[in-house]
Structures are given as C-alpha cells and as structure tokens.
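Computed from a predicted model, the values in this text were never measured in an experiment. These numbers come from the heavy atoms of this one structure, side chains and all, not from hydrogens, waters or symmetry mates.
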Amino acid sequence: MGGCFSDVRGGKEAVGGDLPRPTEPNANNDGAHNDAIEFFYRAHGAYPLFTQLELSFSASKLLDLDVTSKSDPMVVVYLKKNDGKLEELGRTEVILNNLNPVWIQKVSAAYQFETVQNLIFRVYDVDTQYHNVPVKTLNLRDQEFLGEGSCVLSEIVTKQNRSLTLTLKGKNGHGGLRNFGTLTVHAEETIASRSAVEIKFRCAHLDNKDLFSKSDPFLRISRTVETGGSIPICKTEVVDNNLNPTWKPLCLNMQQFGSKDNPLVIECFDFNSDGNHILIGKLQKSIADLEKLFKEKSGVNFFIPSSRAGHEKVLKGQLFVDQFCEKEQFSFVDYISSGFELNFMVAVDFTGSNGDPRKPESLHYIDPYGRLNSYQQAITEVGQVIQFYDADKSFPAWGFGGRTANGTVSHCFNLNGNASESEVVGVEGIMAAYANALRNVALSGPTLFGQVVNRAAEIAARSLSSNNNKYYVLLIITDGILTDLQETKDALVRASNLPLSILIVGVGNADFKQMEILDADNGQRLESSTGRIATRDIVQFVPMRDVQSGQISVVQGLLEELPGQFLSYMRSMDIKPLTFNAAAQASPALEIL
C-alpha cells in the first residue's frame, strides 16, 4: 500500500520526520509481530503498525484444588489464529497458595489495529513438584486446569482504564454452574518515552553542485549506533534550485534519536533523479546541541571528509535551527483508551455492472449455502474490527447507483429502506439491510461517489460542534469506474480537514486506476478543481482480487493506514487524549521561544 515512492516528486518528499510510518503487517502471522521484520524497519528509521503492550493479571475466587493448601496459580496466554490454532504468547510466574493472586510477570502482546486478535487466558494450578522448574518448561498436561477466559485484545484497549474482568469458565466454555472465579487483564503500552522534538532547519551559503542551475538540497539525519555506524532515521523534502533553503519542520520522537545527547549525523545532499545524490556537506550534532544552536541563534559549518585520516575541509555553508519545540507525542492507544471512538459508515455500489443479483455470476449474488460474496466479505471483515471502537454500534448504511422504489436513481439512499433514518445496529444490521435492499432496489448507474462522501463529511462536520472525541470511517465498496472523478476529488479535498477516513474496496475485474489516484499513495496529495490541496491523505484503497488471491487480507490492506490518518488529524488539530486534557492545565508542553 503506502510508502512506496516510484516517481521523482515522491522521491523528493520528507520521510520519517512526521508521524511514525506504518509498515505492512506480516500477512502470514495473524497479528503477532515478526521480530526480524521489526528489526529491519526500525533499522531504516521506520516504525511498524503495532503497539507493543504488556498484559498484567490478577484473579479473584479461583478454584481450590489442593487438599492441604490452596491452589498455586499461573496464567498462560494464547493468541487464537485464523486457522483456529493457539499460539502461546507467554506465562506468568506461579504464585503459591493464593486464590486471589496478583501476578508480577507481564506477558507481551503486539496490538495491531487492523487485526481482530482473539486472546485466550488459561489458569493452571501448578503441582508442587514443579515449583522450582522454569515456567516456560512446564508441561501443562501435568498441571490442573482452573478455568479459562477469552476476549478480543481491542476490548481491553478501549476500556478507559485498560482493564477488563473476565468470568472464568471450564474448558471450551463448559463447566455448568460451577464458579471458576474471575480474571482481570490490564494492558499498558510499552513505550520508552512519548517525548518528541519538532525542529525546523535552514541552511545558508551551500556549495553549488549543479552546472546550469543551483543545487536541490535535502537533509538526511542518521542516528549513530554502538557498532560505530549510523542508521538513517529521516530526511527532509527537497528544496529545488536553492542554496539557502528552509525546510518544513521535522518531528522526531525519542525512539528515533535515542537520547538528547546521542550524536546524530546530519548530511546535506544535492538531489539527483537518478538516485546518485551528491554530498554537499555533513556535520555531527546531538539534539541537545541543536537546541543550543536555536537558543544562541547561531549556525554551524558543514565539512567534507578528507581522504587523509583525521582531516576534513570546513565549508562556508552553515546549518541553522529556526525552530525547536519539545512536545508529547501521543499514540493511537492513548486516544482510544481515553474515550475516543471510531464511528463506522458503509456505502454499497448498486450499479448495473455488478450483474443480476439472482444469478450466481453476479457480484451481489447471495449464496443460499452461506458463502459470502465480495461485498459481504468486506462488510464483515472491516466491520468486525471497527465495531469494537464504536460504543453504540449504530452505523449509517447507504447505497448508491440504484433505482429505488419511487423509480428514481439515487446516489445516496438509506440501505434499510427507511427514508428518515440511515442507521442500523451492528454488522449484522448492515448485512440484513444489504440483503433487503437487493430485493427492493434495482441496479442502475452510473458510479458516483461524491454524494456519499459529502453525506459522511456532513456527519463528521456536525460532530465538531458537540463532541470532539469521534472519528469517522466510511467504507465504500464498488465494482466500477468513477463517472464523477473530479467531483469526488473535490469532495475528498473538502473533507480532508474533518475527522474522517475513507476506505475503498474494489470488487470485480474493473480497471481501478482511478481509485489509486484517490488513494494518493505516491505522496502527491489530491487537488480540487479550484486548486486547493488536500490537508492530508484520508483515502485507502485495496482491490478485492488481491485479497482473493491470498496476497493480503481486506483488513490488513485497508486498515493499515487508518491509525496514522487518525493521528495526523488529532495532531494537526492539537487534540489531546481526554485523560490528558483533564490534567494538562498544570503541565503544558514545553516550548522554547
């Protein structure tokens, strides 16, 4: 999906100095992160799309299976994978003689927004003879089962205190009326620091490396490592034809630069489209050094390494720091657990190109044996994730391109047939309304997105006057080529400063190049017919044929960018988590003036 630059303009964009850049999840790992992939991306200054959590546990009124003492409980945590198999994530320590234990040992879990992660917790009474044996080596068949509970990881994250109490049951939910006690699971984000620094760089008197014009400079910043090398963490955008450039501010978090005293290598290059960028000069400074440059309003000279060891040529060109601001950088989990909600909306394509719904070859065919068509599959998979973040689970559901009961073609009609109310309850409600609409709405056309985008934008805009803790997600499922491409671009540009993201699934074998334009994954933001540029990218597109071929899942393909889009809106509007807002009056972010 995003993050791949294939054109010159995309290659000139800044990388790694804004929001942490999500990477594509490991499609074969069902939500558990891959350490090798994580290391690779972190080594290149990118950050994968998961939040590492630590789960802690306490229990109450566990079964007592010991005769002369109390049970010696231990918790084992599993991730239930898509094929039904259980992957063990970790174990707590064993607590002796306690029916109301509070365990110290945490279990790590990689929270992935785009995946429904079903967790199973099993509590065992560990036999006394194994008390000196490392818990990782214990054979669970030798231990007595005390009960199990299950939940989806997002259920814990969305609780305001990030704690969820589960009623324990027998194996596979059996056990009758027997009381197995309760297990409370608490999640904490494992993050070294939320501290971030926003820095604006400027250069003066750079050497010119071009013959017939001026250099096109950009900065690359790398973090030094203990092995003696350096790892790039970000680069600025390219400023064309300028020897005295000023770049847009960079935002670096502490996970990228390590500490304020850690040396950073700052290199200035002249951009060349063939990739052979010419070094203009380099220098080495820490974040603390850059802060000092800002306070003193002084510059530092670049140098060019010499072929003679220990010698370097000091250049006339200098680097200046025009802005330096320390701030807290909140995560997606911070917002969601403090009470922010994602509100789900869906729009379904009812144009005639989908084929007669009564025929099996139609994209809208409802299989009597329960096999989901492409529309049902997208609604189910995306909806199951989003609904965990929506308190009332009431979703507006629309159709477009269909001829309704009054004989007119509508490009935004309520899927449930109710002229005054578009909301249905839960994913099941969407599925029922969709099936009902297929019986009552004739397929027609053409394919127009503008009206449904505008309707979703109206809802998002109205929420701003009454509530600042809602973010809206519109899922559009379509089979066709847009007739109103420019009108859709205009609507998306207008909506780009609203709390709204739009996820598009393309079904069938149509040419979806227009959807890729709307997606703007090449780094080029949408432009309206009046010349207005989108505030941010709010669209993500995936063709269903890639899903059906097994390359990706709908959820991974669509939702990998959503947390980043959510954070880009919250940060651009300076909206903080609700719990932080309540306490922030006494400790505002530090800004150096």
Undergrad: If we ignore hydrogens and angles and just use 3.5 Å, is the side chain of S338 paired with the main-chain N or O of P577 as donor and acceptor?
TA: no
Undergrad: Judged by modelled atom types alone, do Y78 and N118 share a side-chain donor-acceptor pair under 3.5 Å?
TA: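 Result is no, nothing qualifies.
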Undergrad: Please find the pair of heavy atoms, one from V424 and one from G429, that lie closest to each other, and give the distance.
TA: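 Where V424 meets G429 most closely, the heavy atoms are CG2-C, 3.7 Å.
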Undergrad: If the threshold is 4.0 Å, N to carboxylate O, is there a salt bridge linking E237 and K248?
TA: no
Undergrad: Is Q540 close to D519 at the side-chain level, that is, under 4.5 Å between some pair of heavy atoms?
TA: yes
Undergrad: Within a radius of less than 6.0 Å around CG of D356, do more than 12 heavy atoms belonging to other residues, nucleotides or ligands occur?
TA: yes
Undergrad: CZ/F449 to NZ/K489 distance, rounded to the nearest 0.5 angstrom?
TA: 14.0 Å
Undergrad: Do S501 and Q565 get their side chains close enough for a donor-acceptor pair, meaning under 3.5 Å?
TA: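 Q565 and S501 do have a side-chain donor-acceptor pair below 3.5 Å.
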Undergrad: When you measure from the side chain of E198 to the backbone N and O of K327, does any donor-acceptor pair fall under 3.5 Å?
TA: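 No; zero donor-acceptor contacts below 3.5 Å.
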Undergrad: Does any non-hydrogen side-chain atom of M515 lie less than 4.5 Å from one of P543?
TA: no
Undergrad: Report yes or no: does Q514 contribute a side-chain atom to a donor-acceptor pair with the main-chain N or O of L482 at less than 3.5 Å?
TA: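 Yes, Q514 side chain to L482 backbone: donor-acceptor pair under 3.5 Å.
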Undergrad: Can you name the nearest heavy-atom pair linking S154 to Y389, along with the distance?
TA: CB-OH, 3.3 Å
Undergrad: Quick check for you: to the nearest 0.5 Å, what is the distance between L526 atom CG and I533 atom CD1?
TA: 9.0 Å
Undergrad: When rounded to the nearest 0.5 angstrom, what distance separates CG in L498 from CD in E458?
TA: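 The distance works out to 10.5 Å.
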Undergrad: Assess whether side chain to side chain contact (heavy atoms under 4.5 Å, CB included) is satisfied between L79 and L86, documenting all intermediate values.
TA: CA-CA 6 Å; L79 172 68; L86 299 184; over 6 Å; no
Undergrad: Output side-chain donor-acceptor pairs under 3.5 Å for residues 399-408, partner residues at least two apart or in another chain, one line each.
TA:
from	atom 1	to	atom 2	distance (Å)
R403	NH1	G407	O	2.9
T404	OG1	N406	OD1	2.8
T404	OG1	T408	O	3.3
N406	OD1	T408	N	3.0
N406	OD1	T408	OG1	2.7

Undergrad: Could you tell me whether the side chain of N414 and the main chain of G417 form a donor-acceptor pair under 3.5 Å?
TA: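 Checking the backbone N and O of G417 against the side chain of N414, no donor-acceptor pair under 3.5 Å is found.
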Undergrad: Determine whether T158 and S337 make a side-chain contact, defined as any pair of heavy atoms from C-beta on separated by less than 4.5 Å.
TA: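 SC-SC contact between T158 and S337 ruled out.
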Undergrad: Taking the side chain as every heavy atom from C-beta outward, state whether V382 and L503 have any atom pair closer than 4.5 Å.
TA: yes
Undergrad: Only counting residues at least two apart or in another chain, list the ones meeting side chain to side chain contact (heavy atoms under 4.5 Å, CB included) with N454.
TA: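 For N454, the residues satisfying side chain to side chain contact (heavy atoms under 4.5 Å, CB included) (neighbours in sequence not counted) are A491, R494.
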Undergrad: Does D479 offer a backbone N or O that forms a donor-acceptor pair with the side chain of D349 under 3.5 Å?
TA: yes
Undergrad: Please tell me whether F350 and H364 form a close aromatic pair, meaning their ring centres lie under 6.0 Å apart.
TA: yes
Undergrad: Please, which pairs that meet ring-ring contact (aromatic ring centres under 6.0 Å, His included) have at least one residue in residues 478-520, sequence neighbours excluded?
TA: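 Qualifying pairs, neighbours excluded: F512-F541.
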Undergrad: Are the side chain of R536 and the backbone N or O of S496 linked by a donor-acceptor pair below 3.5 Å?
TA: yes
Undergrad: Could you tell me whether a side-chain N or O of E155 sits under 3.5 Å from a main-chain N or O of V152, the two making a donor and an acceptor?
TA: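 Indeed, once roles are kept as given, a pair shorter than 3.5 Å links the two residues.
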Undergrad: Using modelled atom types and a 3.5 Å cut-off, is there a donor and acceptor pairing between side-chain atoms of E421 and backbone atoms of E423?
TA: yes
Undergrad: Give me the one residue out of Y335, Y569, Y472 that meets ring pair (Phe, Tyr, Trp, His ring centres under 6.0 Å) with F340.
TA: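 Among the candidates, only Y335 passes.
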Undergrad: Run the salt-bridge test on D390 and K470 with the 4.0 Å N-O cut-off and return the result as yes or no.
TA: no
Undergrad: Taking the basic N atoms (NZ, or NE/NH1/NH2) and the acidic carboxylate oxygens, is any pair closer than 4.0 Å for K81 and D83?
TA: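 Result for this pair is no, no salt bridge flagged.
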Undergrad: Start with the C-alpha gap between V346 and Y434, add the side-chain angles, then the distance that decides, and say whether side chain to side chain contact (heavy atoms under 4.5 Å, CB included) holds.
TA: CA-CA 10 Å; V346 64; Y434 164 67; over 6 Å; no
Undergrad: Test side chain to side chain contact (heavy atoms under 4.5 Å, CB included) on I502 and V453; report intermediate values, then the result.
TA: CA-CA 8 Å; I502 297 174; V453 172; 4.0 Å; yes
Undergrad: For the CG atom of L53 and the CD1 atom of I156, what is their distance to the nearest 0.5 Å?
TA: 8.5 Å
Undergrad: Is there a side chain to side chain contact (heavy atoms under 4.5 Å, CB included) between F566 and L342? Walk through the geometry before answering.
TA: CA-CA 9 Å; F566 174 94; L342 299 182; 3.9 Å; yes
Undergrad: With distance as the sole criterion, is a donor-acceptor pair present between the side chains of T488 and D490 under 3.5 Å?
TA: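 Per modelled atom types, T488 and D490 side chains form no pair under 3.5 Å.
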Undergrad: Determine yes or no for a side-chain-to-main-chain donor-acceptor pair under 3.5 angstrom, with N373 supplying the side chain and Q376 the backbone.
TA: yes
Undergrad: Looking only at non-hydrogen atoms, find the nearest pair between M431 and L372 and report the distance.
TA: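 For M431 versus L372, the nearest heavy atoms are CE-CD2, 4.0 Å.
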Undergrad: Side chains of I366 and P357: does their closest heavy-atom pair fall under 4.5 Å?
TA: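 No, too far: nothing below the 4.5 Å cut-off.
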Undergrad: I need the I379 CD1 to I477 CD1 distance, nearest 0.5 Å.
TA: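 So the CD1 of I379 and the CD1 of I477 are separated by 4.5 Å.
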Undergrad: In the structure I gave you, are the side-chain heavy atoms of C151 and L166 within less than 4.5 Å of one another anywhere?
TA: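 Yes, close enough: below the 4.5 Å cut-off.
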Undergrad: Which heavy atom of V452 sits nearest to which heavy atom of C412, and what is that distance?
TA: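 Looking at all heavy atoms of both residues, the closest pair is CG1-SG, 3.7 Å.
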Undergrad: If every non-hydrogen atom of V539 is compared with every non-hydrogen atom of L518, which pair is closest and at what distance?
TA: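 Scanning both residues completely, I find the closest heavy atoms to be CB-O, 3.4 Å.
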Undergrad: Looking only at heavy atoms, which two atoms of E341 and A391 are closest? And how far apart?
TA: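 Heavy-atom minimum between the residues: OE2-CB, 3.2 Å.
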Undergrad: With a 4.5 Å limit on heavy-atom distance, are the side chains of L415 and S422 in contact?
TA: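 No; the side chains remain at least 4.5 Å from each other.
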Undergrad: Quickly, which of I430, L475, I459, V473 forms a side-chain contact (heavy atoms from CB on, under 4.5 Å) with M345? Name it, please.
TA: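 It is I459, the one option of I430, L475, I459, V473 that forms the side-chain contact (heavy atoms from CB on, under 4.5 Å) with M345.
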Undergrad: Under 3.5 Å, side chain of D240 to main-chain N/O of D216, donor-acceptor pair present?
TA: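 No; judged by distance alone, with no hydrogens or angles, the pair does not exist.
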Undergrad: Could you walk me through whether F218 and H277 pass the ring-ring contact (aromatic ring centres under 6.0 Å, His included) test, one step at a time?
TA: CA-CA 10 Å; F218 69 93; H277 310 310; 5.2 Å; yes
Undergrad: Could you go step by step and tell me if E148 and K169 meet the salt bridge (charged side-chain N to carboxylate O under 4.0 Å, His left out) rule?
TA: CA-CA 5 Å; E148 76 172 27; K169 300 178 181 179; over 6 Å; no
Undergrad: Just verifying a value: how many Å separate K393 NZ and F344 CZ, rounded to the nearest 0.5 Å?
TA: 13.0 Å
Undergrad: Taking side chain as C-beta onward, heavy atoms only, is T351 less than 4.5 Å from L443?
TA: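 No, too far: nothing below the 4.5 Å cut-off.
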